[in-house]
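Structure first, commentary second.
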Amino acid sequence: MPFLELTDIHKTYEDAPLLRGVTFNVERGEIACLLGPSGSGKTTLLRIIAGLETTERGRVSIEGADVTALPAHRRGVVLMFQDYALFPHRTVAQNIAFGLRMRRHSRGAIAARVAEMLALTGLEDFADRDVNVLSGGERQRVALARSLAPQPRLLLLDEPLGALDRNLRERLLEDLPVILRCVGVTAITVTHDQEEAFALSDRVILLNAGRVVQTGRPETIYDRPHNAWVARFLGLENLFPARVRHPQQVEAAFGVLDMADNAALPQPGTEGQLLIHPWGIHLEPGTVNTFTAQVTQRTFHGSYFRLTLAVNGGTLRLDIAPGQTPPAPGETIHGWIDATALRWLPA
Ligand code: ADP
Ligand code: MG
């Protein structure tokens, strides 16, 4: 039995359908991530799970029990808001203790739990600080400690790293899943950023236009996107209109390409899209899936160069490590593409 089951969730605002039959499960102890563009209804979905918003149809079940009509405070679910919503002019310890006070725990039990949460989030030295004087990263950790203190059975995190600058985000991307796994809580995080979703979660649930378009392990979704929208959203840009020629061959504007044995192509003649993973593009003469291209752009990103190549019918983008000598704009390249890096996507 899945820990959380969402079945056919619908929500409409001002005649505009936002959620149109969202269905997915989350297993106990799993860190799932709802990923989708801004405005795709992620916050609304979290609010429906938490019981702060109603669904027009369908069902929310936790541990096998239908909680669709259960008020928020009886669900055992905590939602950590995007802006953290800390209580201003209170100390860190008072903020963390808040939920425990509401639940009328004893003074001793509260003190012990607060100390435990301070240690878990590395805030031992901050207990008596006013939250208003804290940095963004520290505020984020207070919000996390406050959310975990009442031992929710399900923790929902709305864009937990959205308000932080880049360096801090990178660090918390590593820290946050460690903390969540340490307490073993089942969690759903929400983000519009695919790298954040990949780094934080065991499983990604991808939303578009009010529906779930793909779910799976981050590596799997990235490797085998279901369609061109998913590929583009994940930052995969090498897409070309293509047509199946033979059971193991496709034709794109820049050439005929051999696919891998397991490519599972549809009938010859079918039109669709060809995705080329950048790791399979080799900038040296080859014998299979060869191409000729012109370098149109080269940008330096510190740990890699990004190259843009013009081929017949489109552009190829790839990153190369700075150890290699990168070709310069204007150069002509003869390269080849590894068949295992090709994916057929439906039109
Ligand atoms: P996301 O978190 O993915 O960015 P939201 O769940 O915030 O998406 O909602 C997306 C859109 O739904 C909003 O841009 C808004 O147009 C509409 N919406 C959300 N909540 C309300 C509300 N309470 N009343 C009216 N419209 C709303
Ligand atoms: Mg949102």
Side-chain angles (χ1 to χ4, degrees), residues 194-195 198 204 206 208 213-214 216-347:
Q194 82 278 5
E195 282 184 31
F198 292 163
V204 173
L206 187 51
N208 182 34
V213 284
Q214 191 168 355
R217 289 164 49 77
E219 302 89 319
T220 312
I221 287 201
Y222 191 77
D223 185 50
R224 298 193 172 271
H226 279 351
N227 57 43
W229 183 87
V230 174
R232 281 201 194 90
F233 187 72
L234 299 181
L236 295 164
E237 304 169 293
N238 299 324
L239 289 159
F240 298 84
R243 199 165 54 86
V244 179
R245 253 174 74 110
H246 290 305
Q248 228 169 287
Q249 218 175 42
V250 301
E251 184 172 10
F254 67 94
V256 172
L257 296 153
D258 288 330
M259 305 282 290
D261 303 345
N262 62 354
L265 292 177
Q267 292 290 335
T270 308
E271 310 260 328
Q273 298 262 330
L274 183 70
L275 166 67
I276 304 172
H277 275 297
W279 51 261
I281 303 170
H282 298 273
L283 306 183
E284 70 214 0
T287 52
V288 294
N289 295 342
T290 55
F291 68 89
T292 303
Q294 201 109 56
V295 179
T296 53
Q297 215 174 10
R298 182 178 85 187
T299 48
F300 181 54
H301 289 259
S303 57
Y304 61 93
F305 286 97
R306 174 151 296 181
L307 291 182
T308 308
L309 312 177
V311 290
N312 203 1
T315 52
L316 281 172
R317 286 201 177 80
L318 71 153
D319 300 336
I320 62 170
Q324 312 167 40
T325 317
E331 270 183 53
T332 298
I333 285 187
H334 298 284
W336 66 281
I337 301 169
D338 192 330
T340 60
L342 301 174
R343 303 283 176 271
W344 176 264
L345 307 179

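Only this structure's heavy atoms are used, side chains among them; waters, hydrogens and symmetry mates stay out. Everything numeric here is computed off the predicted structure, so don't read it as measured data.
Side-chain atoms of F240 and L316, non-hydrogen and from C-beta on, do get closer than 4.5 Å to each other. Taking the side chain as every heavy atom from C-beta outward, N238 and L236 never approach each other to under 4.5 Å. Between V213 and F233 there is no side-chain heavy-atom pair separated by less than 4.5 Å. Within the 4.5 Å cutoff, side-chain heavy atoms of T340 are placed close to those of W279.
Among pairs with a residue in residues 289-299, those fulfilling side chain to side chain donor-acceptor pair (under 3.5 Å) read T292-H334, Q294-T332, T299-H301, at least two apart in sequence or across chains.
When all heavy atoms of A341 and G280 are compared, the pair lying nearest together is CB-CA, 3.5 Å. Nearest heavy-atom pair, A293 versus L309, reported as atom, atom and distance to 0.1 Å: CB-CB, 3.9 Å.
F198 and Y222 have perpendicular rings, their planes meeting at more than 60° on a 0 to 90° scale where under 30° would count as parallel.
Note that the CG atom of D319 and the CD1 atom of I281 stand 10.0 Å from one another [nearest 0.5 Å]. Atom CG of N227 is separated from atom CZ of R232 by 9.5 Å, given to the nearest 0.5 angstrom. One finds the CG atom of L342 at 5.0 Å from the CE atom of M259 (value rounded to the nearest 0.5 Å). Here the straight-line distance linking atom CG of D338 with atom CH2 of W336 works out to 5.0 Å at 0.5 Å rounding. Atom CH2 of W229 is separated from atom CG of L345 by 13.5 Å, given to the nearest 0.5 angstrom.
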Anything under 3.5 Å between a donor and an acceptor, one on a side chain of residues 262-278, the other on a protein residue two or more places apart or in another chain? List them.
unit_1 : atom_1 : unit_2 : atom_2 : d
T270   : OG1    : Q267   : O      : 2.6
H277   : NE2    : D223   : O      : 2.9

Check residues 250-257 and write down every donor-acceptor pair under 3.5 Å in which the side-chain atom is one partner and the other belongs to a residue at least two apart or another chain.
unit_1 : atom_1 : unit_2 : atom_2 : d
E251   : OE1    : R243   : NH2    : 3.2

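Put simply, the side chain of E237 never gets that close to the backbone of T315: no donor and acceptor are under 3.5 Å apart.
The closest side-chain donor-acceptor pair between Q248 and D261 falls under 3.5 angstrom.
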